[in-house]
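Report on the following structure.
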Protein chains: 2
Amino acid sequence: MTAPRDIPNNLLESLKSLGLTKYEALVYIGLLRVAGATATEVHETSGVPRASVYPVLDRLVQKELVCVSHTTPKRFDAVPPDRGVENLMRRIESDAENARKTLDAIYREKGPEVRGSQELIWTIYGEENIKTRLAEMFRRAERSVEVLAANDLLEGGVLALLNDVLGSVQVDIVTDRLPGERPSRFGIHILPLAAPCEVHPTQGKLLPYERSGVFLVDDARTLLWLGSSGEQPSALYSESAGFVQFVRRHIASVTERARAAGQ
Amino acid sequence: MTAPRDIPNNLLESLKSLGLTKYEALVYIGLLRVAGATATEVHETSGVPRASVYPVLDRLVQKELVCVSHTTPKRFDAVPPDRGVENLMRRIESDAENARKTLDAIYREKGPEVRGSQELIWTIYGEENIKTRLAEMFRRAERSVEVLAANDLLEGGVLALLNDVLGSVQVDIVTDRLPGERPSRFGIHILPLAAPCEVHPTQGKLLPYERSGVFLVDDARTLLWLGSSGEQPSALYSESAGFVQFVRRHIASVTERARAAGQ
DNA sequence: TAAATGTTGTTGCTAATATAACAACAAGGT
DNA sequence: ACCTTGTTGTTATATTAGCAACAACATTTA
């Protein structure tokens, strides 16, 4: 092909992920500029080989991105971008719905209790995925929930998830500060979480507890929220006895030191 | 590959249009069934060659569809389908937003008056696209709007579009019946539109005006809504003098005959 | 202990498919 | 006779699919 000229590369990528090929994208973009072009004109403004332009235009008409005139030679015009993108998304969303349904049927075939479990440590990527797992942990809590988390994490939606915890479950939250109302049924402990780096006192820096948190349910299941500022957060989840033991010690030690330093 | 077994074919297609390859889809589906599988187990349940399973799993982790355990050997688990599909859609929607923005900038570069025009007859596919065009016609009407349409079309959203017509514009609607309130500013004419097929009286059948309509704005721009029941509707749009002339005669003749038959 | 076996994770190569690009030509209009 | 449109093939190129071989490590067996 000649030169795709001044077309931002990510635009082509975006259109590809909406189901267009490179040619389809180029032709559509070209048609946005000229309006009512013949196939040859489309070929000229898009840089797509003339012979390839015909099948591409057919597909674009099929996808409801361009309309055709009833003349000879045929003339083509692009559907306005917002409408065009919407037309593409409609198909994709129907596919998504179909996939969701079918996958869910497969997912439910196996009993819901077979999942997760075992003596493993899982890593979960993505904030939404972590919250999903947390929500499930809270929902299935039977005796106790312990939370050790920076305020920003709680405010960022985690606190809301705790509403699903059964009333009969003992909930303890350790955090650095907590504006807004405090749900009375929770045991709240405000403590300075940022701890001086004692073991390796590089520059006397503080190790802040930002975007991080530790969650322990029924002394049996635990989740470590590992957030590095700016980046995509990840988390460790485990039901392993050893790992749970480690987390219990961590919560105890942080709480104790924080309490000592705070008083 | 061995046998993709009992996987509905459209599921693979749907997942592909969400940005997965065949292998990625198969592995994800396989993981929904087993939970906490090793790479080899994934290979067995998905039918994907063992050597290919590793890069595929990497990509799925990247796409937030599976999570990994910190053991040797590594174990993998699928995120629940609704969450997984949502994760995929998030990326696509951000691409759609990006594309929409960038395309719109390109679209607006050329003056809005260069569009359409000329002595052409355009065919528009898809109900939404037709409505968009209709809306624009109504919005830009300066003197008159004439509508000849079956009731089902008006009720299906077309009537709502007429609210955008300027108050100074004369609006005449001819239709077979019109339940609900009638906007007083419009001239409404209720006439039996279904006409006997006189020219070719095959079996004395009626030619109903279903899902069809004729729209004429300022005696200069016209749109023919061609709806065949069940199928995707299409439309002809034109500013050609000859075509407009034809449509004016059509409206006049249908109205007159209907009026005669009705009285 | 040492060899045999087996599994995991990697690398590199080949085959199949979809997309991109080109050449050639029939039909029709000027 | 010339040019343009629209169509049909055929050839590249890129992506995806599939395979074979191997090093690292663990497990078994002699």
Side-chain angles (χ1 to χ4, degrees), chain A residues 1-5 7 9 12-13 15-31 34 36-63 65-66 68-77 120 123, chain B residues 1-5 7 9 12-31 34 36-63 65-66 68-77 119-120 123:
Chain A
M1 242 192 51
T2 59
R5 298 199 315 208
I7 292 172
N9 204 292
L12 290 180
E13 286 307 311
L15 288 174
K16 257 190 220 171
S17 92
L18 296 183
L20 298 191
T21 71
K22 193 176 167 188
Y23 277 6
E24 288 165 352
L26 289 173
V27 165
Y28 181 64
I29 296 171
L31 267 178
V34 289
T38 68
T40 319
E41 286 166 345
V42 169
H43 147 66
E44 285 161 355
T45 61
S46 68
V48 171
R50 199 179 60 86
S52 304
V53 139
Y54 294 92
V56 167
L57 281 169
D58 286 347
R59 278 175 278 161
L60 286 177
V61 170
Q62 200 62 29
K63 290 176 180 170
L65 285 177
V66 315
V68 210
S69 85
H70 272 175
T71 53
T72 54
K74 283 183 188 169
R75 290 188 170 267
F76 301 88
D77 201 358
L120 299 174
T123 67
Chain B
M1 242 193 52
T2 58
R5 298 198 315 210
I7 292 173
N9 203 292
L12 290 180
E13 285 308 311
S14 292
L15 287 174
K16 257 191 220 170
S17 91
L18 296 182
L20 299 191
T21 71
K22 192 177 167 186
Y23 277 5
E24 287 165 351
L26 288 172
V27 165
Y28 180 64
I29 296 170
L31 268 179
V34 288
T38 67
T40 317
E41 287 166 345
V42 169
H43 148 65
E44 285 161 355
T45 61
S46 68
V48 171
R50 198 180 62 87
S52 305
V53 139
Y54 294 92
V56 167
L57 281 169
D58 287 345
R59 276 175 282 161
L60 286 177
V61 170
Q62 199 62 28
K63 290 177 179 168
L65 286 177
V66 316
V68 211
S69 84
H70 272 176
T71 54
T72 54
K74 283 183 189 171
R75 290 188 170 268
F76 301 88
D77 201 359
E119 303 291 291
L120 299 174
T123 66

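Just so we're on the same page: letters track the sequence lines, and every chain starts at 1. It should be emphasised that the depicted structure is a prediction, and the values quoted were computed from it without experimental measurement.
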Inset, instruction - Taking Arg75(B) for its side chain and Gly36(B) for its backbone only, find out whether a donor-acceptor pair lies under 3.5 Å. - result: yes
Legend entry - Rounded distance in Å - CD (Glu24(A)) to P (dT19(C)): 8 Å
Legend entry - First of Val56(A) and Thr71(B) reached from the 5' end of DNA chain C, by closest nucleotide: Thr71(B)
Legend entry - Minimum-distance nucleotide (side-chain atoms of Arg50(A) versus dA21(C), dG6(D), dG9(C)): dG6(D)
Legend entry - Separation of dT5(D) P from Lys74(A) NZ (nearest whole Å): 14 Å
Legend entry - Leu26(A) backbone acceptor or donor facing Ser46(A) side chain under 3.5 Å: no
Inset, instruction - Give a yes or no on whether the backbone of Leu20(B) and the side-chain of Lys63(B) come within a donor-acceptor separation of less than 3.5 Å. - result: no
Legend entry - Heavy-atom pair with the smallest gap, counting every atom of Leu57(B) and Val66(B): O-CG2, 4.2 Å
Legend entry - Options dT19(C), dA21(C), dT5(D), nucleotide nearest the side-chain atoms of Pro73(A): dT5(D)
Inset, instruction - Give the rounded distance in Å between these two atoms: OH of Tyr23(A) and P of dC22(C). - result: 7 Å
Inset, instruction - Send over the distance from Phe76(B) CZ to dG9(C) P, rounded to a whole Å. - result: 7 Å
Inset, instruction - Could you please name the option among dT7(D), dG9(C), dG6(D) that lies closest to any side-chain atom of Ala39(B)? - result: dG9(C)
Legend entry - Phosphate-side-chain proximity, Tyr54(A) and dT8(D), N/O vs OP1/OP2 below 4.0 Å: no
Inset, instruction - Using whole Å, report how far CD of Glu13(B) lies from C1' of dA18(C). - result: 13 Å
Inset, instruction - Could you tell me the separation between the CG atom of Leu57(A) and the C1' atom of dT5(D), rounded to a whole number of Å? - result: 13 Å
Inset, instruction - Using a cut-off of strictly less than 4.0 Å, decide whether Thr72(A) has a side-chain nitrogen or oxygen near OP1 or OP2 of dG29(C). - result: no
Legend entry - Atom-pair distance (NZ on Lys16(B); C1' on dT17(C)), nearest Å: 10 Å
Inset, instruction - Check whether any side-chain nitrogen or oxygen of Ser52(B) sits under 4.0 Å from OP1 or OP2 of dG18(D), and answer yes or no. - result: no
Legend entry - Whole-Å gap separating P (dT5(D)) and CZ (Arg75(A)): 9 Å
Inset, instruction - Determine whether Gln62(B) and Asp58(B) make a side-chain contact, defined as any pair of heavy atoms from C-beta on separated by less than 4.5 Å. - result: no
